[in-house]
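Inspection log for the structure reproduced underneath, given as structure tokens.
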Amino acid sequence: MSNRIVDFYHFLKNRPIIRSGIYLTLLVILTIRHLEINVADFSRASTNLTILMNEAFPPDFSVITDRAAWSKPQCTFEADWACSPAIIGITQTLEIALLSTIFGMVISLPLAAMAATNLSPPWLAQITRQILSALRVLPSLIWALIFVILVGLGPFAGVLAMTMYTVGYLGKLQYEALEGVSREPLEVARAMGLPRWQIARFFAIPEASNALISQMLFMFEYNVRHGSVIGLVGAGGIGYYMNYYLSPFQQYDRVLALIIVMYVVVVIIDQVSLRIRRKFIDSTDQIQRPRWREVIFTRKN
Amino acid sequence: MSNDQLRLHFSNASIGFETESPLLKDINLTINSGEIVGLIGRSGIGKTTLLRTAAGLLSPLSGSVECCCDLTMNAKRGSIALIPQRLGLIQHQSVGYNVLMGALPGANYLQTVLSLPSREMQEATKDAIRAVGLSDKIFESVNQLSGGQQRRVAIARAMVQNPRLILADECLGELDAETAKEIIELLRSLAKEKDIAIFIVDHNPLRARTFCDRLLQLRGNSLIEFDNLNERHSLPQAGDR
């Protein structure tokens with residue numbers, strides 16, 4: 001027996017990949033035991049899935065045609081579809097994403113310049129980075145809970161929550177982009193004797209503009225997707241209506257219809273955003289990079 | 001030579017990144033207004049580091065480096081114009097924007113906060129772009145220009161800045177003879193008409209000799225000055241170090 005163990009030890013000693021595999025498997029087994037995950041629970045899933053499917057299918061698209069029972073702010077359009085839960089919800093989600101992205105960008109850009117080590121003294125960069133990290137610690141859902149408590153239910157709490165998260169997240173992306181700009185334009189500005197804020201404003205930010213705009217578009221996409229989640233705690237948007245149909249009434253067919261609407265909108269935004277962002281992303285330095293206004297105001301040849 | 005003629009002065013300066021092993025030792029150099037001084041030497045010997053020290057971007061390890069009788073670190077705003085090897089242009093912006101950046105040191109606080117250049121700044125920008133022959137490219141993005149045209153943009157930016165000293169790092173590199181000649185003429189006219197001192201790094205000693213008033217060579221870790229350019233036998237040979 002002991003000889004077999006010794007042989008196995010020598011077998012493993014010369015096979016690092018198998019050894020690593022065994023360690024990893026042991027770690028997974030221990031973690032599953034620690035979390036008390038019972039694989040037998042999986043057997044109930046198929047039954048629950050059948051019930052859920054029966055409840056959800058076919059999706060009830062009256063959420064697009066019928067007037068919503070409640071909305072904040074009050075919907076004043078005469079057409080019922082214009083005041084339907086899907087239209088109000090998705091419009092609010094897009095509006096929350098738009099405002100929070102713009103507000104987040106306005107706040108995060110100066111913070112990013114302060115956090116970039118090539119633009120700021122080390123002490124200021126460190127302090128600003130800590131502030132941005134602190135903003136990223138809480139997910140947007142928790143920010144939404146906090147602002148619902150502070151300013152009440154509705155899209156305003158959503159805008160505040162998403163703005164806080166955007167500042168933390170976008171700020172990090174931006175200071176990394178600013179730190180990546182070429183050293184030479186900044187040295188030209190330093191040799192001129194310009195103050196740091198002018199170097200950031202007139203040299204670093206324009207030099208990094210493609211990356212910054214690309215990141216802003218990415219953040220808008222992200223905020224649209226997360227705008228649905230924050231509605232679950234009452235911070236407005238389509239998530240509010242999902243929660244409304246789920247919690248007291250369990251109208252899964254209506255929730256499924258809202259999910260389909262959300263999916264279509266997110267896919268459209270992703271595609272448009274991706275096409276615009278592609279124009280800003282370089283594959284090599286040889287490719288001529290367009291200026292952002294050329295993307296919006298396409299020249300006629 | 002009076003003090004107001006003095007543009008750049010190195011006094012017993014050691015240059016580099018580590019005090020124990022400086023790249024260059026005991027550098028003594030004086031450049032006066034209207035002078036074009038060339039610097040030659042092998043790749044990696046410390047030409048760019050010397051220029052960055054002259055620009056106030058690096059502190060000398062010992063000794064002092066002054067521009068117009070003040071340490072280059074505290075030089076009067078706008079008095080030093082740097083043209084780095086890769087020119088330091090903002091790639092996503094137009095020729096006009098890049099050249100206008102040269103006027104920033106002369107702008108007041110309100111003009112910079114509101115991004116509103118004065119009429120004089122705009123006129124100076126247009127004049128400089130005209131002088132370098134790029135009037136038809138004023139709204140073009142600099143990354144759509146050729147290497148020679150980009151060099152002209154960098155020179156126009158320095159012209160708008162109206163500095164006392166221009167530090168140019170291989171700004172003639174990789175240019176064809178015709179374009180290099182045009183740029184040399186531009187630099188010459190700047191030095192003579194505006195009394196600007198120019199300290200230029202060039203890897204081509206034969207070319208540098210044609211337009212520089214004085215030529216310096218980095219050899220080993222010291223700077224050798226040729227008072228008389230007729231001493232052509234002293235020009236660097238392949239393998240010199």
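Computation of the quantities below employed the complete heavy-atom set of this structure, encompassing side-chain atoms and omitting hydrogens, waters and symmetry-equivalent molecules. So you know, we letter chains A, B, ... as the sequences are listed, proteins then strands, and number each from 1.
Other residues, nucleotides and ligands contribute at most 12 non-hydrogen atoms within 6.0 Å of the CZ atom of B/R86.
When side chains are defined from C-beta on, B/I90 does not count as touching A/F202, because their heavy atoms never get closer than 4.5 Å.
The contact between B/L89 and chain A is made entirely by backbone atoms, counting heavy-atom distances below 4.5 Å. With a 4.5 Å cut-off on non-hydrogen atoms, B/L87 touches chain A through its backbone but not through its side chain.
Residues of residues 122-132 of chain B lying under 4.5 angstrom from chain A, judged on non-hydrogen atoms, do not exist here. Listed in order of number, the residues of residues 173-201 of chain A that approach chain B to under 4.5 Å between heavy atoms are A/R183, A/E184, A/P185, A/E187, A/V188, A/R190, A/A191, A/M192, A/G193, A/L194, A/P195, A/W197, A/Q198, A/R201. Listed by sequence position, the residues of residues 88-95 of chain A in contact with chain B number zero, using a 4.5 angstrom heavy-atom cutoff.
Between B/H92 and A/P206, the shortest heavy-atom contact is CD2-O, 3.3 Å.
Counting heavy-atom pairs closer than 4.5 Å to chain A, the top-ranked of the candidates B/Q161, B/Q85, B/R52 is B/R52.
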For residues 148-156 of chain A, run the donor-acceptor check on the side chains, cut-off 3.5 Å, and write out each pair with its distance to 0.1 Å, sequence neighbours left out.
none

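Atoms CZ and CD, from A/F203 and B/Q93 in turn, are 11.0 Å apart once rounded to the nearest 0.5 Å.
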